[in-house]
Amino acid sequence: MANIEQIIQQISDTVWEIPVSYKEGMRVPARIYATEKLMREMDDGVYDQVTNVATLPGITKYALCMPDGHFGYGFPIGGVAAMDVEAGGVISPGGIGFDINCGMRLVVTNLTYKDVGAYIKKLVDRLYERVPAGVGSTGFVKISRQEFRQVVEQGSQWCIRNGYGWEEDLDLTEENGCIEGADSSKISEKAIDRGFNQIGTLGSGNHYLEIQVARKQDFFDPELAATFGITQPDQVVVMFHCGSRGFGHQVATDYLQVFLKVMESKYGIKILDRELACAPFNSPEGQAYFTAMKCGLNMSFANRQVILHRIREVFSEIFGTDAQDLGMRVVYDIAHNTAKLERHMVDGVERNLLVHRKGATRAFGPNMADVPQKYQTVGQPVIIGGSMETGSYLLVGVSSGEQSFFSTAHGSGRSMSRTKARKTWQGEKLQKDLENRGIYIRSTSWSGLAEEAGGAYKNIDDVIEAAELAGISKKVVRLSPIGNIKG
DNA sequence: ATGTCC
């Protein structure tokens with residue numbers, strides 16, 4: 001294995017390639033999307049992991065890493081890998097993440113900072129009371145384990161039927177909030193046990209709920225922003241980031257064990273890192289995991305749907321009018337930890353690919369199937385959550401995204417370990433500093449807050465710049481935090 | 001990410 005700096009090739013301002021000669025077993029080159037600055041800061045683990053991914057059976061074109069990439073479990077966070085399922089392609093939990101359907105939802109209001117500023121503490125405090133956060137938190141939706149099996153099969157559609165949201169929310173959720181083919185018979189009792197009381201909860205780590213403002217100077221494409229519902233300067237929006245909680249975690253754990261048992265003995269697959277455990281997509285084990293994983297997707301859509309219901313209730317209480325009057329419409333809800341069967345052109349031929357996106361956001365361009373009717377001609381909204389101190393972005397998918405299987409970044413991407421961040425910042429002081437800078441934060445854990453300090457992340461503007469220059473997504477509007485609830 | 005080690 002040669003020295004990485006000597007072998008890495010710069011393809012363009014934002015694309016870097018590690019050829020198959022780098023490591024024995026690589027089936028395709030690895031490509032990293034980043035500016036020169038981001039490359040200098042890139043976690044060395046990314047090169048090792050993305051080239052390991054390049055050895056997996058069925059991988060097509062490239063093993064990819066997005067500009068916010070960093071070291072993860074098996075795959076880098078920011079990893080994208082498309083497996084040809086008709087050519088022995090595998091499915092790998094490490095390419096999806098433990099938190100199945102970790103994702104983002106963005107909601108607009110017709111309020112501006114002028115309306116909200118004076119109420120920000122009250123709003124954040126009330127949201128903190130009503131949206132359970134932190135490790136092991138449980139929700140207010142009291143259902144049986146049997147009913148929970150319906151939730152994981154029906155996703156957000158279960159929520160709407162039970163009064164947690166509006167019919168139109170479904171049109172603005174990926175897969176209409178319910179992915180087809182989820183079957184809870186593939187789910188362990190243990191996963192059900194961990195999940196049945198966690199609907200409507202935020203979780204911990206980098207999961208959060210944020211009140212944000214679209215500042216006048218941060219509209220990059222005002223017309224597109226308006227199409228997505230952000231029509232005026234200083235408009236207030238709510239963005240939140242969470243996943244499938246203990247449920248998804250247990251699904252991933254269960255199937256990693258299954259895959260480790262059969263991978264080599266039954267399928268003859270040898271991998272460089274046991275965290276890349278996988279099975280052929282077209283195998284009983286691969287199909288069982290795919291089906292179970294879909295239950296995780298649905299749990300997460302339902303989770304975010306119930307959280308939205310609570311957010312609408314709180315705004316409605318504080319501003320004394322119902323959420324319809326406050327214009328609290330969903331812009332979009334999109335996963336960034338998932339694997340989906342999609343058809344993509346590969347060297348002029350349309351192929352059936354299982355696209356793993358792990359800390360990477362699907363970014364479908366204009367006129368593609370699965371983009372909501374409302375946005376068909378402009379492309380899919382892409383929601384990128386930055387750190388609590390800096391800001392977040394609403395982007396849109398573009399036609400040139402074909403190069404990355406229509407995938408882009410998902411966030412800032414950590415640049416410092418949680419351990420080091422805890423030593424560098426003090427949660428309580430950070431909270432006060434941020435309050436002085438106009439960002440009011442509530443958190444369940446001071447140490448957890450320190451781990452999420454803005455300085456522990458890459459610069460979000462750099463990440464977005466790289467994604468835009470590379471032509472894998474386009475800026476619409478930047479969103480700045482004024483209030484935040486952290487797990 | 002995660003009942004942050006059954």
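Numbered from 1 within each chain, the chains take letters A, B, ... in sequence-line order.
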(message) B:dT2, OP1 or OP2 - any side-chain N/O from A:Arg194 closer than 4.0 Å?
(response) no

Taking [atom1] from [X] and [atom2] from [N], how many angstroms apart are they, rounded to a whole number?
| X | N | atom1 | atom2 | answer |
| --- | --- | --- | --- | --- |
| A:Asn303 | B:dT2 | CG | C1' | 14 Å |
| A:Arg245 | B:dT2 | CZ | P | 5 Å |
| A:Asp193 | B:dT2 | CG | P | 17 Å |

What is the nucleic acid contact for [X], judged by heavy atoms within less than 4.0 Å: base, sugar-phosphate only, or nothing?
| X | result |
| --- | --- |
| A:Gly205 | sugar-phosphate |
| A:Gln198 | sugar-phosphate |
| A:Gly248 | nothing |
| A:Gly246 | sugar-phosphate |
| A:Arg414 | nothing |

Check: When the ring centroid of A:Phe148 is compared with that of A:Phe247, is the distance short of 6.0 Å?
Finding: yes

With 3.5 Å as the limit, what N/O pairs link the protein to nucleotides 4-6 of chain B?
none

Sequence neighbours excluded, the answer for side-chain contact (heavy atoms from CB on, under 4.5 Å) partners of A:Lys429 is A:Gln426, A:Asp433

Distance-only polar pair, side chains of A:Gln154 and A:Arg161, donor-acceptor under 3.5 Å: yes

Check: A:Gln403/A:Tyr33 side-chain N/O donor and acceptor closer than 3.5 Å: yes

Quiz item: Taking only residues at least two apart or on different chains, which pairs with a member in residues 61-80 of chain A satisfy ring-ring contact (aromatic ring centres under 6.0 Å, His included)?
Solution: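 Every pair satisfying ring-ring contact (aromatic ring centres under 6.0 Å, His included) with a residue in residues 61-80 of chain A: A:Tyr73-A:Phe98, A:Phe75-A:His356.
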
Fill in: Derivation of the side chain to side chain contact (heavy atoms under 4.5 Å, CB included) call for A:Glu264 and A:Lys270
CA-CA 6 Å; A:Glu264 195 162 350; A:Lys270 288 193 176 162; 3.1 Å; yes

